[in-house]
Amino acid sequence: MNEMSSENLQSPDSLKPVNHDIGAGRGVFISTYGCQMNVNDSERMYSILEMSNFMPVESAEEASLIIINSCSVREKPVHKVYSEVGTYRELKKKNPDLLIGVGGCVGQQEKEKLIKTQPLIDFVFGTDAIDELPQTLQTLLGRQSKKEKVVNAQFHHREPYHVDTLVRNPGVSTFVNITKGCDNFCTFCVVPFTRGREKSRPFQHIMTDIHSLVKRGVKEVTLVGQNVNSYKSDCGIDFPDLLKKVALETGLERLRFTTSHPKDYNQKLMDVLALCQHKLCDYVHLPFQSGNTRILERMNRGYTREEYLEKIRQIKATIPNVVLSTDIIVGFPGETEEEFLDTVSMVKEVGFETIFAFKYSPRPFTKAARFEDQIDEVTKSRRLNHLFDVHNKLSFEWVKKYEGQTLQILVDKAEGENKLSGRSTQNKVTYFEGPESLVGQTVPVKIHKALPNVLRGVIEQ
Ligand code: 5AD
Ligand code: SF4
């Protein structure tokens, strides 16, 4: 199950019982970058390590264990990892017992290569090895020489997907994993290679987690996975069934989900969205990536521009006042100027209030990285800037509609003396004045200023 690819590489012996005091009060610091899945994985790492008596600390300086949990979806993160590890050189000199590990997509992708090129790293673990961190650390703490390293980056091909730990400090609003990995193989995307085949968590585990989160004061849950709407549980429950059960059978106030794939947005899902509107928020994130059908085909997205637009029409008809957001890639190999302009027109036509747009970046193992008609960086940057300019102007106009409206805001944070922030059902961050005691409650706020990313208002008495 584990890798032993060089003489110095140890295998964490997961058959050995774990000593639950291996942490012995040592400080652990996790440096995280990347998507929400990664942030969530770091929270899980903290909770599983806390169970083995490691103590979360606020900075690398206070830690005896440093983990870099990094993402490789869009950037060249390996360099980032090396430069971050380099900054810990002095700490390691001062404390030779300091353990440094690299996890997440970069660990999965690079495996022992990381250790070969950066001797400061003691261990590497993949996206399926989080729950085995205590075993990995037990192996390291018992090693004879500091030259012995551990690499645990094999995928488990077993179904279902198990998440044995809950988020640490769930707060008012939190994330619950429902799937891991992806089988879609969009030609630009590294996820199928870094997170493996798609696996779903057992339905009962998800329900138990959510019931317990509700007891801990959570009001809003976002169900997360690379591709949530292809969820399929052990007992035949699909995503619309799951959504309906979570919406109707738990005490949550609000329910969200991300990310969905347009090709799996079917009628059954639309029907549940209509049925559970009081819980499901009027905000949908649906990546379209490109507004041009030829590029969509080269991306292996499985839908045309028209089919995407048809889904949007159905969503708008099902959820009144729905707010839409999306992911976009510009400068995909072979994209002509006209094809890029189809993407710009899609943004205008649908009226996405929020866009997450990126320059195409070739990722290892992916098909598109081998396409010969790559677009130069200058063109990619120009297209991205143009898209943002167009969107910016429009979104300032679009959000003006909120001024004068009263929105229901779930208060998630106190931001200082009598200052609060929260989010509307449409996922708009909203600032207003009020006492800290309102955190966790939903309050009506009359909006007086609306900018594309924030709203400001006053509590309506
Ligand atoms: N280049 C640029 N953007 C990418 N994304 C995924 N892979 C790449 C890549 N190779 C973007 C997509 C996806 C989001 C999470 O990241 O838009 O939806
Ligand atoms: Fe990547 Fe496509 Fe899967 Fe999303 S659906 S994770 S873009 S392969």
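Atoms within each ligand, like the ligands themselves, are counted from 1 in listed order.
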### Summary
heavy-atom search around atom 5 (S) of ligand 2 in the protein gives N184 ND2, 3.4 Å
### Query
Thinking salt bridges, do K219 and D412 make one under a 4.0 Å N-O criterion?
no
### Query
For atom 6 (S) of ligand 2, what's the nearest protein heavy atom and its distance?
Q226 CG, 3.4 Å
### Task
Run the salt-bridge test on D41 and R195 with the 4.0 Å N-O cut-off and return the result as yes or no.
yes
### Task
Using a strict cut-off of less than 4.0 Å between a Lys/Arg side-chain nitrogen and an Asp/Glu carboxylate oxygen, indicate whether E353 and K401 qualify as a salt bridge.
yes
#### Entry: Location of contacts on V191 toward ligand 2, heavy atoms closer than 4.0 Å
side chain
### Message
Return the CD1 to CG distance between I315 and L273, rounded to the nearest 0.5 Å.
### Response
7.5 Å
### Query
Which atoms from ligand 2 have a heavy atom of F185 less than 4.0 Å away?
8 (S)
### Query
Quick one: do K180 and E198 make a salt bridge, cutoff under 4.0 Å?
no
### Message
Heavy atoms only, cut-off 4.0 Å: how does C182 contact ligand 2, side chain, backbone, both, or neither?
### Response
side chain
#### Entry: Residue pair R382, H386: steps toward the side-chain contact (heavy atoms from CB on, under 4.5 Å) verdict
CA-CA 6 Å; R382 180 176 49 72; H386 177 71; 5.6 Å; no
### Task
May I ask you to list the atoms of ligand 1 that are less than 4.0 angstrom from any heavy atom of R363?
10 (N)
### Message
Test of understanding: given a 4.0 Å heavy-atom threshold, classify the contact between K359 and ligand 1 as side chain, backbone, both, or neither.
### Response
backbone
## Note on the structure
heavy-atom search around atom 2 (Fe) of ligand 2 in the protein gives C186 SG, 2.3 Å
### Task
Enumerate the atoms of ligand 2 whose separation from the nearest heavy atom of H261 is less than 4.0 angstrom.
5 (S)
#### Entry: Nearest candidate to atom 10 (N) of ligand 1, where distance is taken over non-hydrogen atoms, out of S361, C189, A357
S361
### Pairing of E377 and K380 as salt bridge, 4.0 angstrom limit
yes
### Message
Polar contacts were defined as any N/O atom of the residue lying under 3.5 Å from an N/O atom of the ligand; does this apply to Y360 and ligand 1?
### Response
no
### Message
Whether D373 and R298 form a salt bridge (side-chain N of Lys/Arg under 4.0 Å from carboxylate O of Asp/Glu) is what I want to check.
### Response
yes
### Query
For the side chain of N292 and the backbone of F340, is there at least one donor-acceptor N/O pair under 3.5 Å apart?
no
### Sub-4.0 Å heavy-atom contact, R195 with ligand 2
no
### Message
Can a donor-acceptor pair be found, under 3.5 Å and without considering hydrogens, that links the side chain of K413 to the backbone of G422?
### Response
no
#### Entry: Which residue and heavy atom of the protein sit nearest atom 6 (C) of ligand 1, plus the separation
V73 CG1, 3.4 Å
### Query
ligand 1 and F188, any nitrogen or oxygen pair closer than 3.5 angstrom?
yes
### Query
Which heavy atom of the protein is the closest neighbour of atom 16 (O) of ligand 1, given with residue, atom name and distance?
R74 NH1, 2.7 Å
### Task
Run the numbers for me: atoms of ligand 2, each under 4.0 Å from some heavy atom of F188, listed by number.
7 (S)
### Query
Backbone or side chain, does any N or O of Q289 fall under 3.5 Å from an N or O of ligand 1?
yes
### Spacing of E110 atom CD and I121 atom CD1 [to the nearest 0.5 Å]
10.0 Å
### Summary
Closest to atom 18 (O) of ligand 1 among protein heavy atoms sits D327 OD2, 2.7 Å
## Note on the structure
So the atoms of ligand 2 within less than 4.0 Å of a heavy atom of C189 turn out to be 1 (Fe), 6 (S), 7 (S), 8 (S)
### Query
Relative to each other, are the rings of Y308 and Y303 parallel, tilted or perpendicular (30° and 60° limits)?
tilted
